[in-house]
Amino acid sequence: MALFEVSGFKPYSEVRAQILPFGQTRLVDRPNHYTFNTKTQEFAVPLGEDPSGFLKSCNHDGGVCIDLNHGTTTLAFKFRHGVIVAVDSRASAGNYLASKDANKVIEINSYLLGTMSGSAADCQHWERLLAKECRLYRLRNGHRISVAAASKLLSNMMLGYRGMGLSMGSMICGWDKQGPGLYYVDDNGTRFSGHMFSTGCGNSYAYGVVDSGYREDMTVEEAYELGRRGIVHATHRDAYSGGVVNMYHMREDGWIKVCKDDVSELIHRYKEGMF
Amino acid sequence: MKGRNRRTTPKRSPVLARGNFSRSTTSVQKHGILKTHSKCHVLGVCRAPVDQAAVMGHGRRQSEQHLLDPERLSTTSTASRHGLEHRYRTRTTEPSATLSGTESNPMKLSGAASSPWVETPRNADAAWVKKRSFLWLSDTCRLRLRQTAHTLQNAGLPDILVWQVQEAGYLDESPIQFGQISTMQSSSGIPSQETSSLPESLPFTSSQAVPLPFPMAHGTTTLAFMFQGGVLAAADTRSSCSGLVACPASQKILPIHSHLVGTTSGTSADCALWKRILSRELRLYQLRYGRRLSTRGAAKLLSHMLHPFKGTELCVAATLCGWDGGEPDDGCRDHEGSEMEHGEGRETTKTPKAHLEKTAGASGEKVSVSKTQSSSFTKQQCSRRKISFSGPSLFYVCSDGTRLEGSLFSVGSGSPYAYSILDQGVQWGLTVEEATSIAREAVYRATHRDAYSGNSVDVYHVTSKGWTRRTREDLKEEYYREKERQRLERERRGKTLSG
């Protein structure tokens with residue numbers, strides 16, 4: 001895929017466009033429709049399809065009820081010693097638990113992490129695409145992409161498909177020349193920089209905990225504990241979050257995976273002797 | 001009873017007000033209030049007086065006057081179509097004689113005071129005022145009603161249902177029509193004693209829903225939990241109306257009686273009204289039976305009173321926090337199993353619980369009482385347990401029918417934020433100061449993140465001596481204090497690091 005573009009091979013659609021300039025080239029089925037890059041920022045959609053309309057019909061009003069994978073709790077916060085990223089591991093499809101051990105953090109490269117919430121498929125696909133773009137950037141420019149630029153790429157991808165029913169809430173975390181970086185990117189194209197974010201349907205529970213315990217100058221151990229508690233209390237109250245806490249710590253020299261603790265054990269530990 | 005049957009006319013409509021006690025005006029016109037207060041003795045009274053009260057805003061004088069004003073009563077009987085006529089008989093049988101209407105059945109409520117309502121279109125605000133003003137009927141007003149009843153009684157008319165609590169009435173009515181929006185317009189089929197002013201929009205079996213003037217929002221944060229020192233209830237004070245802060249200093253924790261407070265969430269008007277109704281009912285219970293109704297009983301009462309409005313837009317989500325006093329035990333009490341988890345109350349339904357260990361327990365301990373299938377056995381146990389139960393209790397009641405017992409609840413749009421703080425900190429062994437600070441912190445965090453919660457925090461503490469209230473505290477100060485604390489902490493740490 002990458003080599004194909006780098007080599008400058010002229011894709012069929014461009015040739016065709018020269019011959020038939022007024023054709024509906026946008027939604028044409030191209031042989032390389034699986035590529036998506038900074039040059040061709042379009043996704044081929046079969047003619048006649050309307051993804052947003054289809055998805056609208058999939059909600060309760062339309063009579064059909066397809067539950068997409070939405071439930072999760074992820075949180076990330078920036079502090080003096082880097083960025084802590086903590087996620088749960090439950091993948092649910094409506095009432096069914098598709099997985100109790102899903103991986104919701106994608107390791108884009110050794111200094112960039114992306115979290116996933118919303119539709120699992122959308123998140124995985126687009127973040128892998130983002131990983132590809134980041135690698136290409138590194139190859140072309142000789143230096144690593146910044147967190148701001150990476151998050152901007154992702155948000156532009158989302159904007160290209162705005163209104164078409166994508167569902168993704170992701171946090172791009174990394175360490176670049178400006179220090180620790182944390183951005184929240186949404187399927188609407190929202191892109192925020194901040195000190196602390198939490199996404200998913202359990203996010204409100206996590207916000208309560210992390211807000212009350214957050215200080216910019218925490219020690220590393222305190223930060224680990226805070227991240228764990230945030231996820232644990234959210235999984236305790238939210239039905240769609242659970243499993244294990246996967247926690248990563250983004251440091252100057254790259255990320256490390258801190259722990260993978262089972263939430264039920266943790267909640268019992270926290271609540272021991274409470275009632 | 002004969003009289004009773006006679007009163008139930010064939011044209012009795014299933015519906016009623018039951019479903020229509022919402023903000024829609026037509027519903028209020030149609031005996032919404034009556035239905036609500038079906039348990040109230042002053043049934044017959046509320047319609048006429050309320051109407052006037054609504055318009056003027058001063059309930060009392062006009063209400064008394066109108067109570068006995070025969071002209072008032074002689075107008076249209078929308079009520080007659082609705083099968084509640086038996087309830088108003090006392091008031092109307094006398095004046096019905098003066099009716100120009102041809103209705104021969106004295107049972108038909110011709111004196112429908114609903115007609116004055118019916119004449120003029122009401123908007124939702126007036127309806128709200130009507131609801132509130134009903135409660136301000138004076139004692140003289142009620143006394144007069146009693147007198148009327150006596151007169152009628154002496155006149156030989158059966159008045160069996162006058163003082164009877166009508167709570168079973170709605171059970172006879174079909175639940176299907178409740179709250180439905182009917183397109184049937186003037187198909188009442190009742191001979192028209194109605195005046196021409198009766199709007200056609202009153203259908204026979206259900207009311208036309210009037211659209212709300214603005215979307216009502218239910219944003220709030222309230223919480224309550226039990227600990228060794230009693231029950232603590234805390235709430236924010238912001239009343240919002242989809243984006244507008246209607247009142248930054250509203251009161252969401254309402255005391256019901258000396259040992260019971262209720263937090264309110266949902267529609268403020270509904271909550272305030274129902275709290276008042278509940279406190280009135282509890283007072284009546286106390287007067288009749290000489291003891292306070294337990295929190296469990298109060299929760300059940302509230303839940304059953306709200307049940308007729310299930311499916312409508314009534315929205316009340318309240319937690320009743322109380323201390324059940326040292327009175328002789330009136331029933332076996334179920335407790336949760338040996339592990340009390342936060343907020344995991346069980347639904348106190350009629351289904352017998354699993355067989356638990358039986359201990360004769362004292363107050364405040366985790367008492368497990370065995371509850372078996374046979375009630376006689378249960379009664380036996382109760383009599384054996386001479387120790388009176390006294391202690392804190394906490395119930396969550398919702399207008400959709402939920403009634404849960406628990407040890408920790410948080411209700412409202414800000415509740416997720418509060419829950420996680422409470423989960424971290426609430427234990428049985430907290431001191432009062434610690435509990436207060438946790439409650440304040442939880443509300444503060446919720447107000448920090450939730451747009452519909454904010455302004456100040458109220459904290460109430462219920463003990464065996466009754467409830468006490470902490471001074472209302474503005475959370476803006478808390479925010480600045482926290483910022484200051486963080487700044488100082490940073491400086492301090494900066495100094496120690498560099499030093």
Side-chain angles (χ1 to χ4, degrees), chain A residues 71-73 75 77 79-81 86 88 184 194-220 222-223 225-241 245 263-264 266-275, chain B residues 221 223 225-228 336-344 366 406-408 410 412-430 437-438 440-450 453 478-479 482-483 485-497:
Chain A
T72 189
T73 310
L75 68 90
F77 57 87
F79 70 121
R80 180 171 301 176
H81 303 288
D88 74 312
Y184 167 74
H195 286 273
M196 186 242 160
F197 291 108
S198 174
T199 67
C201 53
N203 70 347
S204 37
Y205 305 102
Y207 270 126
V209 172
V210 182
D211 276 344
S212 78
Y214 176 80
R215 283 188 331 272
E216 201 267 337
D217 51 355
M218 285 186 285
T219 66
V220 174
E222 285 173 358
E225 189 57 23
L226 191 65
R228 249 195 298 263
R229 272 192 177 257
I231 296 292
V232 164
H233 285 292
T235 56
H236 180 56
R237 286 286 173 184
D238 179 32
Y240 295 108
S241 307
V245 182
V263 295
S264 11
L266 283 176
I267 194 78
H268 278 111
R269 205 175 345 135
Y270 295 149
K271 290 200 169 209
E272 206 170 319
M274 273 199 168
F275 259 92
Chain B
T221 308
L223 58 94
F225 59 89
M226 247 194 322
F227 67 113
Q228 56 83 20
E336 297 164 310
S338 42
E339 45 181 23
M340 293 251 264
E341 298 188 63
H342 298 291
E344 271 170 51
K366 289 187 279 216
S407 49
L408 171 81
S410 174
S413 59
S415 65
Y417 308 102
Y419 263 128
S420 42
I421 307 288
L422 294 170
D423 280 343
Q424 277 188 309
V426 170
Q427 303 177 42
W428 182 260
L430 291 171
S437 74
I438 289 179
R440 267 179 67 243
E441 173 78 4
V443 174
Y444 173 64
R445 289 295 155 205
T447 58
H448 185 51
R449 284 285 175 185
D450 180 33
S453 311
E478 177 67 26
Y479 177 74
E482 199 190 3
K483 285 265 164 243
R485 243 197 317 256
Q486 283 178 347
R487 196 180 59 82
L488 289 171
E489 186 70 24
R490 238 199 316 266
E491 275 174 23
R492 192 181 61 81
R493 292 240 182 162
K495 277 205 203 92
T496 52
L497 279 173

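Residue numbers begin at 1 in each chain, while the letters A, B, ... track the order of the sequences.
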Worksheet entry | Least distance between heavy atoms, A:D211 atom then B:E482 atom | O-OE2, 4.4 Å
Item to complete: Tell me, with the steps shown, if A:V209 and B:R445 meet side-chain contact (heavy atoms from CB on, under 4.5 Å).
Response: CA-CA 9 Å; A:V209 172; B:R445 289 295 155 205; over 6 Å; no
Practice prompt. Quick one: which of A:A234, A:A206, A:S212 has the most heavy-atom pairs under 4.5 Å with chain B, could you say?
Written response: A:S212
Worksheet item: Is there side-chain contact between B:I421 and A:H233, with at least one heavy-atom pair below 4.5 Å?
Response: no
Discussion item. Looking only at heavy atoms and a cut-off of under 4.5 Å, which of B:S420, B:G414, B:S415, B:A442 has the most pairs with chain A?
Written reply: B:S420
